[in-house]
Amino acid sequence: MLDRAPGIRTGLRRFPVRKRSRRKRQPKEPIPAVVDIKSAAASDPSAALRRILSYDNPHLHDYPACSALLYRLARARLFPEVDSLLLFVCSQRVPCRDSLFSGLIRHFDRASLPHKALSLFFSIPSFNCPPGSPSLQTFNQLLDALVNNGCDDEAEALFDRCSEFRLLPNAISYNILLKGRLRRDGYISARKLLDEILKRGFCPSVVTYNMLIGFVGRNGDLGISMDLKDEMIRRGIYPNAITYAIIMEGLCSSGKYDAAKKLMFDMEYMGCKTRLVNYGVLMSNCGRRGDLNEMNELLAEMKKRNIKPDDVTYSILINYLCANGKVDEAYKVLVEMQVKEGCKPNSAMYRMMVDGFCKIQNFEKGLALLNAMLASGHCPRSETFGSLISGLAKDGRVNDACFVLEEMEKRMLCTCVGAWYSLVETVCVKRDDGADLLSGLLAPTLG
DNA sequence: GTAGGGTTAG
């Protein structure tokens, strides 16, 4: 990993910089069957799965097609379909790369399914994958999935069993454990773990310190975070843009926005180039305080300094515009992003927009955004589905509400009581054929 | 970015 931006001037001398090799890779010829299954998966992942399982094209039974579809299915949270396809891939001895498993484990992590991640990991040997699988990267991905979902004991137990998989933990494995320890037991306990692993020859990295600095900063201990920054420099580990962003975040959350802004300019003198993430910290803080003017000014300043906004920047803008009730303005930003940057909206952006339109009671626009979201293979959270169902029902749009309900059921998400209540109320009170509709609605869930 | 390079901090 690149710890420092290339060619940084540190004030005293230039440090040698590891440059990432940028070998020009020949773009590979796209495989027609894969392109085909990808576009099929984008419109209807379940139908694409049926095609693969129905043996209608032997080219679909190779690794690229299966892994592309697995990824789409996982992204759309269609986990039962993921399981069916995995079963197929395993039983048909389709050759698999290890990266497929680490990718899926990441999805299980994000969907708060750590135990599915764990069982997938243990099933890797039953797949047709190259010797040396699971790799350390996949192992670390699993450790992270466990720690992120509060399964610290399982993570530590797994860590102790790493030799069973012929793996030797690296700095990343240790950092993940340290993250768990920080969150569960706090700074003092994590510091103890750090001392222990230092004795075992572990070399802390800039990430190690960034985690510690972030933790104390979130608790308002700005003094300790500055001490940690000095300590890392003494050890020859140099703060990067993320380190400064984390310190700036600590300052902002203690109400010291101006000091954070000053630090963003000072970091350049310390030899560290300002990056998007630093602007992101300031913009988020402005958004939280409702200072949308300053937020827009920061955006203009970034552009002036030739720092191109990315998807994270757009997420921040959309999030806080929506939170401050400027949903139409947020929608303009979403459109501008697609037109000017050619950047596709991600799950979070769609979710913020659907929630935003629900919040200002524009359920029609909310439904339109939901459709765009589903069409691009993203899956809303159940709360988003719920508020849309409630809203559509209260507007008397029972058919639309039922459509949303069905989409939700396909993804095994539970409908909250409030949404059901609104729907039932609309059906019973506002329509004559209430009883028929109600039994129709209940049939799929009771059956 | 998840086929084709891309683990941990944000």
Side-chain angles (χ1 to χ4, degrees), chain A residues 1-3 20-35 37-38 41 62-75 82 94-110 117 134-148 155 159 167 169-183 190 202 204-218 225 228 232 237 239-250 275-281 283-284 310-313 315-316 343-344 346 377:
Chain A
M1 185 187 163
L2 200 71
D3 291 347
R20 197 183 292 228
S21 65
R22 288 223 179 261
R23 272 179 296 135
K24 281 263 181 227
R25 295 182 70 86
Q26 284 296 330
K28 291 191 181 171
E29 212 37 44
I31 304 167
V34 174
V35 175
I37 203 77
K38 270 190 172 175
D62 61 4
Y63 175 71
C66 289
S67 62
L69 182 56
L70 272 170
Y71 165 53
R72 300 283 164 143
L73 291 169
R75 194 176 71 173
V82 168
V94 176
C96 294
R97 278 168 199 267
D98 180 73
S99 58
L100 172 70
F101 300 105
S102 65
L104 283 177
I105 288 173
R106 204 182 166 97
H107 278 291
F108 287 140
D109 175 4
R110 289 177 180 167
S135 67
L136 182 58
Q137 183 179 327
T138 302
F139 177 80
N140 285 340
Q141 201 74 255
L142 175 63
L143 272 185
D144 199 39
L146 293 172
V147 163
N148 289 339
F159 184 88
L167 294 171
N170 63 3
I172 294 173
S173 330
Y174 283 114
N175 281 338
I176 294 167
L177 284 195
L178 206 62
K179 174 170 74 174
R181 192 62 77 89
L182 265 175
R183 197 160 37 201
F202 159 73
S205 65
V206 63
V207 176
T208 317
Y209 276 96
N210 285 352
M211 287 192 306
L212 294 171
I213 291 174
F215 184 84
V216 297
R218 280 191 291 277
S225 65
L228 281 165
M232 67 192 277
I237 302 162
N240 61 14
I242 308 287
T243 316
Y244 285 104
I246 291 168
I247 300 175
M248 285 167 61
E249 205 148 60
R275 281 182 16 195
L276 271 171
V277 60
N278 305 101
Y279 274 99
V281 169
M283 286 174 69
S284 302
D310 70 349
D311 56 335
V312 179
T313 317
S315 293
I316 294 169
C343 190
K344 277 189 186 161
N346 60 27

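All figures in this text were calculated on a predicted structure; none of them were measured in a lab.
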Q) In this structure, which one of A:Val207, A:Leu212, A:Val147, A:Leu143 forms a side-chain contact (heavy atoms from CB on, under 4.5 Å) with A:Lys179? A)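 The side-chain contact (heavy atoms from CB on, under 4.5 Å) with A:Lys179 is passed solely by A:Val147 among A:Val207, A:Leu212, A:Val147, A:Leu143.
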Compare the minimum distances between each of [options] and the side chain of [X], then state the nucleotide with the smallest one.
X        : options              : answer
A:Asn170 : B:dA3, B:dT7, B:dT8  : B:dT7
A:Arg275 : B:dG10, B:dT8, B:dT2 : B:dG10
A:Ile176 : B:dA3, B:dG10, B:dT8 : B:dT8
A:Arg110 : B:dA3, B:dT8, B:dT2  : B:dT2
A:Val277 : B:dT2, B:dG10, B:dT8 : B:dG10
A:Glu249 : B:dG10, B:dT7, B:dT2 : B:dG10

(Q) If only side-chain N and O atoms count, and only distance matters, is there a donor-acceptor pair under 3.5 Å linking A:Thr208 with A:Ser205? (A)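 The criterion, which ignores hydrogens and geometry beyond distance, is satisfied for A:Thr208 and A:Ser205.
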Do any side-chain nitrogens or oxygens of [X] fall under 4.0 Å of OP1 or OP2 in [N]?
X        : N      : value
A:Arg97  : B:dG4  : yes
A:Arg106 : B:dT8  : yes
A:Arg218 : B:dG10 : yes
A:Ser99  : B:dT2  : no

Q. With side chains defined as the heavy atoms from C-beta onward, is the minimum distance between A:Phe202 and A:Asn175 less than 4.5 Å?
A.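 They are in contact (side-chain heavy atoms under 4.5 Å apart), so the answer is yes.
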Suppose you measure atom [atom1] in [N] against the same atom in [M]; what distance do you get, rounded to whole Å?
N      : M     : atom1 : value
B:dG10 : B:dG4 : C1'   : 27 Å
B:dG1  : B:dG6 : P     : 14 Å
B:dT2  : B:dT7 : C1'   : 13 Å

How would you label the contact of [X] with the nucleic acid (heavy atoms, under 4.0 Å): base, sugar-phosphate, or nothing?
X        : answer
A:Arg75  : nothing
A:Ala68  : sugar-phosphate
A:Asp144 : sugar-phosphate

Q | Approximate separation, where rounding is to 0.5 Å, of A:Asp311 CG and A:Asn346 CG | A |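 So the CG of A:Asp311 and the CG of A:Asn346 are separated by 6.0 Å.
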Q: State the CZ-CD1 distance between A:Phe139 and A:Ile176, to the nearest 0.5 angstrom.
A: 9.0 Å
Starting at atom [atom1] of [X], determine the distance to atom [atom2] of [N], rounded to an integer number of angstrom.
X        : N      : atom1 : atom2 : answer
A:Ile246 : B:dG10 : CD1   : C1'   : 6 Å
A:Met283 : B:dG10 : CE    : P     : 19 Å
A:Asn175 : B:dT7  : CG    : P     : 14 Å
A:Asp310 : B:dG1  : CG    : P     : 11 Å
A:Leu142 : B:dT7  : CG    : C1'   : 12 Å
A:Leu104 : B:dT7  : CG    : P     : 16 Å
A:Asn148 : B:dT7  : CG    : P     : 15 Å
A:Asp109 : B:dT2  : CG    : C1'   : 14 Å

Q) Any donor-acceptor pair under 3.5 Å linking the side chain of A:Asn140 with the backbone of A:Ile172? A)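 Not at all, since once roles are kept as given, no pair shorter than 3.5 Å links the two residues.
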